[in-house]
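Below is one structure; the comments refer to it alone.
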Amino acid sequence: MVRIAVTGAAGRMGREVLAAAADRENCEVDFAVNRTSVDEPISGVVIESTDNFEALLDDYQPDVVVDFTGPESAIEYSEACAETGVGFVTGTTGFDDEGIAELKFASESTAVLKASNFSRGVAALRLAVQEATAALPDADIELTETHHNAKRDAPSGTAKTLLDDIEGVREDLSERVHGREGEAPRSTDEIGVHARRAGDIAGEHEVLLGGSNEALSLTHRAGDRSIFADGALDAAEWLAEREAGWYDFFEVIED
Ligand SMILES: NC(=O)C1=CN([C@@H]2O[C@H](COP(=O)(O)OP(=O)(O)OC[C@H]3O[C@@H](n4cnc5c(N)ncnc54)[C@H](OP(=O)(O)O)[C@@H]3O)[C@@H](O)[C@H]2O)C=CC1
Ligand SMILES: O=C(O)C1=N[C@H](C(=O)O)C[C@H](O)C1
């Protein structure tokens, strides 16, 4: 049995995580917190105030905290986990370099797993994109991500991960160009990046590789958020048995 705590419990992803945890036999929710108070239980779990997080962590000592919140709060939660030795799984996106360094600092004291996308389909997309990028070394590459109208960060965390993957293969691509307007001819060293926001779209990512007389498009579409919640809980179960360190979702998939 893996015992978890959930942060951002009343958010879109927090609710999905609580619903997915309720469906799992080997997963128990010790407690869940939210910044804004919530009167009704969610998936049978009473939602506590974020102000009580550290005291709850001390009292319950869960195996892993599962976090989908915002960068500043995720860093604070990771610090509390580092102090108590509780594992930390975060799907939060929008960290700057300093934020990533803070999470890595926490991973010196406890097990931390961060993934910009917990979908197995996106993990497969990442591999396919790396292979296609290597196979088409002269292609112009454009990335488009599409999300619901309440998403805060742009481009998405997944888009940034895909860009890192592409640049890891194509060292000649040194400039990320975010949208184009007016006189804006394309240069060979750029990757175009486009972020669209509409309705309640759970998440779409397309990488377009354009060459002479042919173009290849690789696309992932999330049907709903349950795929992210399932992946995060798989990661939590996997992380519960790990020593302090910095871990990747590929390690969960490949195990
Ligand atoms: N890795 C993945 O697979 C996925 C990652 N995400 C990422 O997860 C994050 C959350 O997304 P989503 O659930 O849609 O967002 P929501 O806005 O629906 O939920 C965010 C939650 O975090 C809480 N929160 C935000 N800021 C703070 C803060 N400073 N202190 C305490 N609590 C805070 C909110 O509390 P309150 O209710 O009080 O506002 C809310 O409960 C985003 O970064 C998103 O990109 C999303 C889907 C999949
Ligand atoms: O905010 C979202 O909704 C999502 N965020 C993640 C991201 O920024 O890549 C993952 C997924 O695309 C949904």
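Values below: all heavy atoms of this structure, side chains included; hydrogens, waters and symmetry mates excluded. Just follow the structure's listing: the first ligand is 1, and inside any ligand the first atom is 1. Numbers here are sequence positions counted from 1.
- Atom 38 (O) of ligand 1 has its closest protein heavy atom at Thr36 OG1, 2.5 Å.
- In this structure, Arg225 does not count as a contact residue of ligand 1, since none of its heavy atoms falls inside 4.0 Å of the ligand.
- Neither the backbone nor the side chain of Ala150 comes within contact range of ligand 1; no heavy atom lies under 4.0 Å.
- Checking only distances, Gly203 never comes within under 3.5 Å of ligand 2, N or O to N or O.
- Of all the atoms in ligand 2, the ones that sit under 4.0 Å from a non-hydrogen atom of Asn117 are 10 (C), 11 (C), 12 (O).
- Atom 13 (O) of ligand 1 has Met13 N, 2.8 Å as its closest protein atom, hydrogens excluded (heavy atom only).
- Using a 4.0 angstrom heavy-atom cutoff, Gly94 does not count as in contact with ligand 1.
- Note that the CD atom of Glu251 and the CH2 atom of Trp246 stand 11.5 Å from one another [nearest 0.5 Å].
- A donor atom on one side chain and an acceptor atom on the other are found under 3.5 Å apart for Glu206 and Ser217.
- Taking each of Met13, Glu145, His205, His147 in turn, the one with a heavy atom nearest to atom 4 (C) of ligand 2 proves to be His147.
- Using a 4.0 Å cut-off to heavy atoms of Asn117, the atoms of ligand 1 that qualify are 1 (N), 2 (C), 3 (O).
- Using modelled atom types, one side-chain atom of Asp63 and one backbone atom of Arg3 make a donor-acceptor pair closer than 3.5 Å.
- Salt-bridge formation is not detected for the pair Lys114/Asp67: no Lys NZ or Arg NE/NH1/NH2 atom is positioned less than 4.0 Å from an Asp or Glu carboxylate oxygen.
- Separation of atoms CZ (Phe250) and CG (Leu127) is listed at 4.0 Å; rounding is to 0.5 Å.
- When only non-hydrogen protein atoms are considered, atom 16 (P) of ligand 1 lies nearest to Arg12 NH2, 3.6 Å.
- Using a cutoff of 4.0 Å between basic side-chain nitrogens and carboxylate oxygens, Arg186 and Glu142 are scored as salt-bridged.
- At least one heavy atom of Phe228 lies less than 4.0 angstrom from ligand 2.
- The cluster map of Ile, Leu, Val, Met, Phe, Trp and Tyr, joined by side-chain heavy atoms under 4.5 Å apart, puts Leu136 and Ile166 in the same cluster.
- Contact atoms of ligand 1 toward Gly8: 21 (C), 22 (O), 41 (O) (distance under 4.0 Å to a heavy atom of the residue).
- Annotation: Thr50 places no N or O atom under 3.5 Å from an N or O atom of ligand 1; distance criterion only.
- The backbone and the side chain of Ser156 each have at least one atom closer than 4.0 Å to an atom of ligand 2 (non-hydrogen atoms only).
- Legend: salt bridge (charged side-chain N to carboxylate O under 4.0 Å, His left out) pairs involving residues 209-225, not counting sequence neighbours, sorted by first then second residue: Glu204-Arg221.
- At least one N or O atom of His148, backbone or side chain, sits closer than 3.5 Å to an N or O atom of ligand 2.
- With a heavy-atom cut-off of 4.0 Å, Thr93 touches ligand 2 through its side chain alone.
- The side chain to side chain contact (heavy atoms under 4.5 Å, CB included) test with Leu125 singles out one residue from Asp165, Asn117, Leu218, and that residue is Leu218.
- Polar contact check, Thr93 against ligand 1: a nitrogen or oxygen pair lies under 3.5 Å apart.
- Counting only N and O atoms by type, the side chains of His147 and Ser156 include no donor and acceptor under 3.5 Å apart.
- In the hydrophobic cluster analysis, where Ile, Leu, Val, Met, Phe, Trp and Tyr join through side-chain heavy atoms closer than 4.5 angstrom, Ile4 is grouped apart from Leu56.
- Nearest non-hydrogen protein atom to atom 4 (C) of ligand 1 is Phe68 CE2, 3.5 Å.
- Listed by atom number, the atoms of ligand 1 under 4.0 Å from Tyr77 heavy atoms are 31 (C).
- Here atom 27 (C) of ligand 1 lies nearest to Ser73 when heavy atoms of Ala235, Ser73, Ala115, Gly11 are compared.
- Among all non-hydrogen protein atoms, the one lying nearest atom 2 (C) of ligand 1 is Ser116 O, 3.5 Å.
- Every atom of ligand 2 is numbered from 1 in the order shown, and the set under 4.0 Å from a heavy atom of Gly157 is 7 (C), 8 (O), 9 (O).
- At least one heavy atom of Ala202 sits less than 4.0 Å from an atom of ligand 2.
- Listed by number with element, the atoms of ligand 1 under 4.0 angstrom from any heavy atom of Thr92 are 43 (O).
- Of the listed options Arg35, Glu76, Glu72, Lys151, Arg35 places a heavy atom closest to atom 29 (N) of ligand 1.
- Under the 3.5 Å distance criterion, with hydrogens and angles disregarded, a donor-acceptor pair is assigned to the side chains of Ser116 and Thr161.
- With hydrophobic clusters built from ILVMFWY side chains whose heavy atoms lie under 4.5 angstrom apart, Val45 does not share a cluster with Val86.
- Taking 4.0 Å as the cut-off, Phe53 does not count as a neighbour of ligand 1 on heavy-atom distance.
- What sits closest to atom 5 (N) of ligand 2 on the protein, heavy atoms only, is Lys151 NZ, 3.2 Å.
- Salt-bridge check for Arg242 with Asp255: passed, with a basic side-chain N closer than 4.0 Å to an acidic carboxylate O.
- Ranking protein heavy atoms by distance to atom 9 (C) of ligand 1, first place goes to Thr69 O, 3.4 Å.
- Under the 4.5 Å side-chain heavy-atom criterion for Ile, Leu, Val, Met, Phe, Trp and Tyr, Phe88 and Val6 are members of distinct hydrophobic clusters.
- Under the 4.5 Å side-chain heavy-atom criterion for ILVMFWY residues, no single connected hydrophobic cluster contains both Val33 and Val89.
- Of the protein's non-hydrogen atoms, Thr158 OG1, 2.5 Å is the one closest to atom 9 (O) of ligand 2.
- Surrounding CD of Glu175 are more than 12 heavy atoms belonging to other residues, nucleotides or ligands, all under 6.0 Å away.
- Here the heavy atom of the protein found nearest to atom 37 (O) of ligand 1 is Asn34 ND2, 3.0 Å.
- Put simply, CZ on Phe118 and OG1 on Thr90 are 7.0 Å apart, with the number rounded to the nearest 0.5 Å.
- A salt bridge between Glu131 and Arg126 is absent, with no side-chain N of the basic residue lying under 4.0 Å from a carboxylate O of the acidic one.
- The shortest N or O to N or O distance between Phe118 and ligand 1 is under 3.5 Å.
- The protein non-hydrogen atom at the shortest distance from atom 6 (C) of ligand 2 is Ser116 O, 3.6 Å.
- In terms of polar-atom proximity, Gly91 is counted as a contact of ligand 1, with an N or O under 3.5 Å from an N or O of the ligand.
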